[in-house]
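The figures that follow rest on heavy atoms only: side chains count, while hydrogens, waters and symmetry mates do not. Chain A is the first sequence line, chain B the second, and so forth, proteins listed ahead of strands; every chain is numbered from 1.
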Amino acid sequence: MYDPRALQAKWLPRWEELKPFAAVEDAADTRPRKYMLDMFPYPSGDLHMGHGEVFAIGDVIARFWMQKGYNVLHPIGWDSFGLPAENAAIKRNAHPAEWTYANIETQATSFKRYGISFDWSRRLHTSDPEYYRWNQWLFNRFFERGLAYRKGGLVNWCPVDQTVLANEQVVAGRCERCGSEVVRRELTQWYFKITEYADRLLDDMAQLEGGWPERVLTMQRNWIGRSTGADVQFAIEGRDEAVTVYTTRPDTLYGATFFVVAADAALAEEIVAPDRREALAAYRAEVAKLSDIERLSTEKEKTGVFLGTYAINPVNGERIPVWAADYVLSDYGHGAIMAVPAHDQRDLDFAVKFGLPVKVVVHTGMADPGDTGVATPGEGTLVNSGPLDGLSKVEAIQRIIEILAERGSGKATVNFRLRDWLLSRQRFWGTPIPIIHCPDCGEVPVPDEQLPVTLPDVRGADLKPKGVSPLAAATDWVNVECPKCGGPAQRDTDTMDTFVDSSWYFLRYVDPHYEDGPFDVEKVRKWGPIDQYVGGVEHAVLHLLYSRFFTKVLHDMGMVDFTEPFLRQLNQGQVINRGKAMSKTLGNGVDLGQQIDAFGVDAVRLTMLFAGPPEDDIDWADVSPAASQKFLARAFRVMVEAGEASAAGADFSAGDEELRKVTHRTIDEVTKLVEGFRFNVAIARTMELTSAARKAIDSGPGAADPAVREAAEAIAVMLSLVAPYVAEEGWERLGHGPTVARAGWPTADPALLVRESVTAVVQVAGKVRDRLEVSPEISEDDLRELALASEKVQTHLDGTPRKVIVRAPKLVNIVP
RNA sequence: GCCCCCGUAGCCCAACGGCAGAGGCAAGCCCCUUAAAAGGGCUGCGUUGUGGGUUCGAGUCCCACCGGGGGCACCA
């Protein structure tokens, strides 16, 4: 009788004792190493269905490698800094740590019950001073290298969370966390100079090709957004200094008919004619009223205002009017553009709206944009462009850059969409930025030996967001001596973005209590980089981009010898219910704990993996944990009956050959399927083997046949990846000691994989007319002869066939 | 608007360019049983979303469209 609850109660304590999943550091252990990592969880209550899926997937991979004889590092920890803890603390008048660490304990217990093969000795929490000390240490290193700096400017502000956000944390104008509309504020903030690594972040993706999902690579490429073009200098009437614009189409320079400055750029104010000053001010006020969402809408009509001044085209001396508009961004390129309406749709829309001229300079074969309102950005031949006439687009770009360079009015340039990573947050439950502001010495890093700068004790209502960090109110904590001059100074009161914590945690796992640095460099050399990373696609341009950046900086510091942290990455789908994401408002939530109580850990894990390919969503309404439980019971009975009928150590070669062949074919296929992450199909194959074993017991050679034992043992080991409890119990019933997790992956005997005969299909004009049992080694000629000799084929043929296609040994197609 | 992925039986999903169906759910039937449950077994006639094309042969490759999902979308 299969009783999942009893098996859980029996084996969980045994595993805790045996610690079968500890990664081995011993140099004498010569097994090749593998590092399998799941994205670590945020401790927001207990584990949910989504966790159930990801960790089930990661566990199959880790356990498979263990069975295959690798020394596997499969750690777990908690991403335990962050806003929810703070909000909970305000509500309960408590300290964020209380809520956080209580949730961590709950999740840890659930993980253990869920049977995940973690090495628990490597557990870490990012909110431990022991951990965040090294965030501060790393910040100091970044600061020394000029990679951490403070600057003023317009930043994204979330009015609900009362903090600034990085660009990556604003999705379509809304806060990635809470969904509220983000506003722009002028603030001085800390940044990491990720843009300095833009080229490498892009180019190193070549290493990830094939190992990462294509869509994640695409998202990162789009996010980094490298474009090549040219800087071109335009003189502005009434201003000594030239203004530089960036363009990807310098070939269309002769087609520039106006000039646009970002409305919110300082430049607009500097160059506006006195009589247009008022109009600009009015326009800016209007623009400021718009939210980002409205401003970014492509449906929105172009707006702008003439600045009463003119720019001079450097190649032909033409005077073109200067406008201010909000469709030009102040923080990309130089905040100003040359507008070529004939060949750029945005410029054309603007030209049409304000009656500005359209001048075609590339003949593309398309209708005149001035007539159609459709710009022609494609390939073509240059016209009306002086020395460029007759050249192709590509040639013209080259030539014009040479011309501009000769005259000193331009040069080839590269631009990125990526902005620096805004890192400071005006909230409490995070890593304090280890900087002391001294009126005399400026920004002074807290010396390494004084780290960590720990959080002061702030709790309850004192954590309420008020637009400045709650740390600012802790005056005892804030007021310190300057480490340089000893004079009175103040700590920086912002905390770091929690994405800093997760940008390097995978390195800390090799030795989470290491005291001589953020991580043990030698151990990372042995374990890194991560062979397989499993987690959600929502981090495509957040965590995954930041981690890649950190890894490259650490590489430049000589601390890691690789440049990419995650060689392979798998994104699991979501667990949904009745076609929709689970939510309280819809009332369609399914509780992981309740599912486990009802069907057992094994059945829930099996259901997650059998539902479909790992990257597909699982609709819990479409799957059946009850059916999974039924299958496990069936497999369990096979193991029990085989165990009762024969003793361990039997000579399998004496077993029933037919069943042995099924077993070995299954082993062969399941091995390949697991390697390809095709877990649903691997499980289907295991089900087939179970049925074959059942049949052998009931109406074949009987339970005592060694082939039945061989099949049952293979089932136990293969099931151990998915359903560890029933596999363990079955393994014991088969006469083996714990643990099945270390039993070793079975190998398929090639001799048992060959088939004596295969069915060859004979088609006439594509229709099946006969089947022939033939040797798998049959030659094309022999098979052709056999097929043509077939009576069934002959009746469908009159005369000699036109053509005979032979694909030995499986198929013959005769074309009459 | 542009790009990518997916449309196979009532449902979830398999199928190196080669017999459309591996596995599961649901349904129906049979055995076991006094009966039921549990257990064992059997049952698949679908225009592979639609329309073209390539091919001896297309679920699979190409083109267009329809439907679903995702990404990008004033970045000059």
Side-chain angles (χ1 to χ4, degrees), chain A residues 1-2 172 213-216 218-223 225-227 229-230 245-250 252 256 260 262 295-300 302 325-329 331-340 343-347 349-350 377 415-419 537 540-541 573 579 606-607 610-613 615-628 630-631 633-634 637 669 673 678 680-691 694-695 697-699 759-771 801-807 810-816:
Chain A
M1 180 57 191
Y2 171 53
E214 198 49 51
R215 60 175 177 152
V216 176
T218 304
M219 283 163 79
Q220 290 216 359
R221 276 194 198 102
N222 286 340
W223 188 260
R226 178 162 62 192
S227 80
V245 300
Y246 171 71
T247 176
T248 55
R249 293 294 303 278
T252 63
V260 189
R295 203 176 53 79
L296 289 172
S297 165
T298 43
E299 308 299 311
K300 183 179 159 274
K302 292 276 180 290
D326 67 347
Y327 85 93
V328 171
L329 308 176
D331 60 350
Y332 182 79
H334 305 281
I337 62 156
M338 66 177 208
V340 185
H343 307 296
D344 183 289
Q345 191 60 49
R346 298 156 299 187
D347 296 343
D349 293 343
F350 193 86
N415 249 300
F416 294 91
R417 194 179 169 277
L418 180 73
R419 307 291 149 81
V537 72
V541 287
L606 178 70
T607 304
F610 185 55
E615 45 288 300
D616 285 9
D617 287 353
I618 299 170
D619 193 328
W620 205 247
D622 290 337
V623 296
S624 172
S628 300
K630 221 164 116 181
F631 162 67
R634 188 171 151 87
R637 282 195 303 275
E669 284 188 58
L673 289 164
R678 311 207 37 217
N680 55 328
V681 187
I683 290 164
R685 295 288 168 269
T686 311
M687 288 173 169
E688 287 177 81
L689 177 58
T690 304
S691 289
R694 179 78 261 154
K695 202 170 268 179
I697 293 171
D698 291 344
S699 54
T759 307
V761 171
V762 185
Q763 301 175 328
V764 178
K767 286 206 171 68
V768 181
R769 298 301 183 188
D770 199 6
R771 291 160 216 275
R802 260 196 314 140
K803 198 168 178 185
V804 181
I805 291 109
V806 185
R807 291 284 176 272
K810 296 190 72 179
L811 177 128
V812 179
N813 189 15
I814 300 164
V815 187

Practice prompt. For A:F350, check ring-ring contact (aromatic ring centres under 6.0 Å, His included) against everything at least two apart and list the hits.
Written response: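 Here the qualifying residues are A:F258, A:W323, A:Y327, A:F354.
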Pick the [atom1] atom in [N] and in [M], then give their distance to the nearest Å.
N: B:C4; M: B:G44; atom1: P; value: 41 Å
N: B:U43; M: B:G10; atom1: C1'; value: 16 Å
N: B:C12; M: B:A26; atom1: P; value: 15 Å
N: B:A20; M: B:G24; atom1: P; value: 23 Å
N: B:G59; M: B:A15; atom1: P; value: 15 Å
N: B:C5; M: B:A64; atom1: P; value: 13 Å
N: B:C72; M: B:G49; atom1: C1'; value: 27 Å
N: B:G23; M: B:A14; atom1: C1'; value: 7 Å

Discussion item. Counting the atoms with a prime plus P, OP1 and OP2 as sugar-phosphate, which does A:T218 contact under 4.0 Å by heavy atoms, base, sugar-phosphate, or nothing?
Written reply: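 The answer is nothing, as A:T218 stays clear of every strand by at least 4.0 Å.
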Discussion item. Applying a 4.0 Å non-hydrogen cut-off, can you work out what A:R678 is touching in the nucleic acid: base, sugar-phosphate, or nothing?
Written reply: sugar-phosphate
What does the list of N/O pairs under 3.5 Å between the protein and nucleotides 45-49 of chain B look like, with a distance for each?
none

For nucleotides 53-56 of chain B, tabulate all protein N/O to nucleotide N/O atom pairs closer than 3.5 Å, reporting atom names and distance.
from, atom 1, to, atom 2, distance (Å)
B:C56, OP1, A:K803, NZ, 3.3
B:C56, O2, A:N813, ND2, 2.4

Fill in: Separation of atom CD in A:E669 from atom C1' in B:A15, rounded to whole Å
12 Å
Practice prompt. Using atom CZ of A:R221 as one end and atom C1' of B:G71 as the other, report the distance to the nearest whole Å.
Written response: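 Computing the A:R221:CZ to B:G71:C1' distance gives 13 Å.
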Discussion item. Run the side-chain contact (heavy atoms from CB on, under 4.5 Å) test against A:R417 and tell me which residues pass, sequence neighbours left out.
Written reply: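 Per chain and number, A:R417 pairs via side-chain contact (heavy atoms from CB on, under 4.5 Å) with A:W223.
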Show me the protein contacts with nucleotides 22-27 of chain B, counting only N or O atoms at under 3.5 Å.
from, atom 1, to, atom 2, distance (Å)
B:A22, O2', A:R685, NH1, 3.3
B:A22, O2', A:E688, OE1, 2.8
B:A22, O2', A:E688, OE2, 2.6
B:A22, N3, A:R685, NH1, 3.4

Worksheet item: For the side chain of A:R634 and the backbone of A:M687, is there at least one donor-acceptor N/O pair under 3.5 Å apart?
Response: no
Worksheet item: Judged by atom type as modelled, is there a donor-acceptor pair below 3.5 Å linking the side chain of A:D619 to the main-chain atoms of A:G579?
Response: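 Side chain of A:D619 to backbone of A:G579: a pair is present.
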Worksheet entry | Under the salt bridge (charged side-chain N to carboxylate O under 4.0 Å, His left out) test, residues paired with A:D331 that sit two or more places apart |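 A:R419.
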